[in-house]
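Here the structure is laid out as structure tokens; the discussion comes afterwards.
What you see below is based on every heavy atom in this structure, not just the backbone, and it leaves out hydrogens, waters and symmetry mates.
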Amino acid sequence: MWRVILLDTRILQRPTDTRTKKAECTVEEMPKTYDPQACEPELIKQWIAAGCYQRSKGTQDCTVVIPPPNVTGILHMGHALDDTIQDSYIRYNRMRGRSTRWILGTDHAGIATQTKVDKKLKAEGISRLQIGREKFLEACWDWTHEYGGTIVEQIRRMGCSIDFDDEKFTMSPEYAHAVRKVFVDWYHDGLIYRGKRIVNWCPNCRTAISDDEAEYADEKGKLWYLRYPLAESVDGQDYIVVATTRPETMLGDTGVAVSVSDPDKQKFVGKTVVLPIVNREVPIFADWHIDAGFGTGFVKVTPAHDPNDYAMGEAHNLEQINIFDETAHVVDGYGDFSGLSRDECRAAVLAWFEAHGLLDHTEEHDHSVMHCYRCDTTLEPWLSEQWFVAVEKLKKPAYDAVKSKTITIHPERWEQTYLTWMENLKDWCISRQLWWGHRIPVFYCDACGWSDALMDDPDCCLNCGDAGIHQDEDVLDTWFSSQLWTFATQGWPEHPEELAQHHPTHVLVTARDIIALWVARMVMSSLYFTGEVPFHDVYIYATILAKDGSRMSKSKGNGVNPMDLIDRYGADAMRYNLLTLITNNQDVRFDATLDPKTRALLESPRTDQAKSFVTKIWNASRFVQMNLGDYMPGTPQVQTPEDAWMLSRLARMVKAATTQLETYDFGEYARGLQSFFWNEVCDWYIELCKGRLLHGNADERLSVQRNLVYVLDVSMRLLHPVMPFVTEKIWQMLPASGLDDHGAPFLMMAAWPEPNQLQQFVNDDAELRFELARGVISSLRSTRARYRLSPKAELDVVIKASETQLKILETQREFICNVGFVRSLVLEADAAASKPAGSISVAYQDVEIYVALGDLVDLKAEVARLQKELASAEKTYASLMKTLSNEGFINKAAPEVVAKKRQQAETHKASIATLQAQLTGLS
């Protein structure tokens, strides 16, 4: 006998509306199919119109800043995953009654935007140099106004519940004021200085970029061996041979280095060579930078065009000679070589060396080459006057904040990436030779030589009063302005009261690529200016790779457009699929096929599966809703084994989902909910409730209706953060479950199901009993499918189990027979008789299940069929393994072909195991 248990619903409360006051509920039938393209945009309008996206008040603060995308950018898969994670987390915290604020903003993207506007002007037949700085900046603002809203609208279409009325921009007046204050304060505190240093220079963008922004690409190249004549012979030797990958830079050589650990070369130390072409006499010296095994052991040193050479030049007081201008053409003073590009100069230098008998020999040599992350131009290490942040005083507090766990990085393995970068951090080059961006607020007097960093533009020199002053031409690195993001977006420095309410922020969700570029710098600046960390947690999300495992990029044409996924499958399906991809392995492959010509999306099987889950949620809810004609709200009741099991499983799911979202375990959260709702709610509980729902008496029907509505209500709340649209639509169309949400008009404003409120329903014994019976029934269903029997074919079954299990199964006898379509059920102890004749055996855990098939299946024919299938599977598997063991195939075949072969092999291996088990069962 099952006693009735009532649920305490003081916290889990649904809106009190006209439906809850009626003796009966008249329910409008849900549409047969769910149309995300019609539903999703309409719900977005409703949410925004009702102010649901604005910051909410509550207990605990949960403020999150969105990593600002480029103002003229478009949504890519990284953005889509990042925004899905953030929105899921914000929606969850909002439902928990916490004070939530999700700050939207975009970055002015200095190099990217200037490049786009330069191209636009070029297409119009003009250049920025022709129109001047002011007109060019007007063109940049026009560009951002015209194209700047695209990515924001795409974020809106995703269903991100971010406050679109409180959008920030890194070039807005209030933000620019904050950027200027940081520069001026650091300048006067001695942390910003100007100096001549070697930087990574892009000859196309004509600006310096930081080391972290440089992208390395492996290229096939050569190692040229050049003869440098000695000023004086050494032991009868008239020249040395240097090996180099960049012969063109020899025009700027000011030394030759050997390893301090190379004894054979020490006799040359202190001697000099006469540099060919330019006839410059340069010294030979020993240095620890040199690898004695590289080339000949003699290395040419060009301090103005190589970072290591620059360091050696500083240590040995070598002259620094820039041979290239800002466009990477040879400067004046080098005769016929002047005006040549880098490639032209290389060819000319090699031709000269060969003509003069000084080109010793050439070897093939692959090496890594730095490229501009924006235009892909090969970067030039270049000596130039730049602005730097001295980081020595900033490093330790930022290092300690992570080391001490004041800031926690998830997953933990990325903590070491942060710490290692911080340990090796060098002074940060913050100046860029652009016009679009935050102009460096340093002013110079042409009359007296005065200079200073100021918060306001002066009309004259503050030292001598002369009007002949000018501002520094450079602008600040984009990362300099974005490092202020958590506090400059919240009123700093003018409104500290706003900052006090929402800082530090709760969590930063970002990519691993910018742990150094952005995360670390945010920590340094926040600690310095606010005295606190910028966030408590950092969540590093997975990198989305293309189907073949390569990195998605425009140049490769393998990038998937998230908007195409939304157009085809809906935002819920895209969002859900993205969360399920998250595992402990950082990089994930996105399963999508693109048209080879247009690059348009052809299919995405996993997203299609996610859409099937959306459909399953809708159809299950619709079935329940269609059978609520005489429903009256009330609390759920436990009247049957499946009720006790379901409510206990629901309580556990609430606890698991809550824990997973609290600990940023988004992948397990999404996958667990699908398994729970599809396999347990739909395939079992709803199916088992159909008898009472369709054929039970009034009391049974009402009880099961209340349980089903309650289970759906809680399930929609659990699913809502990742699937906001379909859950909202269903929740609005379901009748009230007897729970009061204090008038919440939308699911997104309703209460999250708190684990402690469902704890009373956790029932270990009920789950154990039901799961054992469910396992037996599932085994019988699998047997029917395996031997091609009707799902309702009645079976004779013998079960061998332990005494404890037999007692449980005896209490479940009626349930097993009715649901499992069992004609006769015999329960025996382990030591009972042997396997019944004409039966097959199936194992569930340590329970043996014998199913009599003698009258239903021709066992001999079945054995023959299975043996034939097994032989075929083994033959195919052997062929696949032979191919995969061929190193020639592995090395030459495309990665996706190899991966497909391996997947086929795994599939056939599993089939072999299944067929062998079936034959064993028939033996």
Taking every non-hydrogen atom, the tightest pair across [X] and [Y]:
| X | Y | answer |
| --- | --- | --- |
| Met522 | Thr486 | CE-CG2, 3.3 Å |
| Cys429 | Gln386 | SG-CB, 3.8 Å |
| Phe487 | Ser526 | CE2-CA, 3.6 Å |
| Leu527 | Ala401 | CD1-CB, 4.3 Å |
| Leu579 | Val722 | CD1-CG2, 3.4 Å |
| Trp485 | Thr106 | CH2-N, 4.0 Å |

Around atom [atom1] of [X], are there more than 12 heavy atoms of other residues, nucleotides or ligands at under 6.0 Å?
| X | atom1 | answer |
| --- | --- | --- |
| Glu497 | CD | yes |
| Lys405 | NZ | yes |
| Lys395 | NZ | yes |

Would you mind writing out the side-chain donor-acceptor pairs for residues 535-545 within the sub-3.5 Å range, not counting sequence neighbours?
from	atom 1	to	atom 2	distance (Å)
Asp537	OD1	His410	NE2	2.9
Asp537	OD2	Tyr664	OH	2.9
Thr543	OG1	Arg512	NH1	3.2

Do [X] and [Y] come close enough that some side-chain heavy atom pair is under 4.5 Å?
| X | Y | result |
| --- | --- | --- |
| Phe590 | Leu578 | yes |
| Ile582 | Ile85 | yes |
| Trp421 | Leu425 | yes |
| Glu473 | Arg439 | yes |
| Ser161 | Asp87 | yes |

Does the pair Arg98 and Glu662 meet the rule for a salt bridge (charged side-chain N to carboxylate O under 4.0 Å, His left out), with working shown? CA-CA 13 Å; Arg98 293 170 178 163; Glu662 287 290 337; 2.9 Å; yes
Taking side-chain contact (heavy atoms from CB on, under 4.5 Å) as the criterion, tell me which of Leu476, Asp474, Thr478 meets it with Ile430. Leu476
side-chain contact (heavy atoms from CB on, under 4.5 Å) partner of Val389, chosen from Tyr187, Phe183, Phe480: Phe480
[X] side, atom [atom1]; [Y] side, atom [atom2] - distance, nearest 0.5 Å:
| X | Y | atom1 | atom2 | answer |
| --- | --- | --- | --- | --- |
| Leu223 | Thr245 | CG | OG1 | 7.0 Å |
| Ser99 | Gln501 | OG | CD | 8.0 Å |
| Asn308 | Ile198 | CG | CD1 | 9.5 Å |
| Trp201 | Gln433 | CH2 | CD | 4.0 Å |
| His289 | Tyr310 | NE2 | OH | 12.5 Å |

Qualifying residue, where the test is salt bridge (charged side-chain N to carboxylate O under 4.0 Å, His left out) with Arg101 and the options are Asp61, Asp163, Asp166: Asp166
Between [X] and [Y], how do the two ring planes meet: parallel, tilted or perpendicular, split at 30° and 60°?
| X | Y | value |
| --- | --- | --- |
| Phe388 | Tyr193 | parallel |
| Tyr89 | Tyr92 | tilted |
| Trp186 | Phe529 | tilted |

Pair Gln490, Thr505 - check side-chain contact (heavy atoms from CB on, under 4.5 Å), show working. CA-CA 10 Å; Gln490 300 197 73; Thr505 60; 3.7 Å; yes
For Asn558 and Ser550, what are the C-alpha separation, side-chain angles and deciding distance, and is it a side chain to side chain donor-acceptor pair (under 3.5 Å)? CA-CA 9 Å; Asn558 63 353; Ser550 63; 3.1 Å; yes
Could you check whether Glu385 pairs with Arg197 (Lys NZ or Arg NE/NH1/NH2 to Asp/Glu carboxylate O, under 4.0 Å)? no
Passes salt bridge (charged side-chain N to carboxylate O under 4.0 Å, His left out), Asp189 versus Lys393? Steps please. CA-CA 11 Å; Asp189 292 347; Lys393 292 182 180 179; over 6 Å; no
Asp452 side chain to His188 side chain, donor-acceptor N/O pair below 3.5 angstrom: yes
For Trp752 and Thr658, which I'm curious about, is there any donor-acceptor pair between the side chains at under 3.5 Å? yes
Apply side chain to side chain donor-acceptor pair (under 3.5 Å) to the pair Thr302 and Arg246, showing each step before the final yes or no. CA-CA 10 Å; Thr302 319; Arg246 299 195 67 202; over 6 Å; no
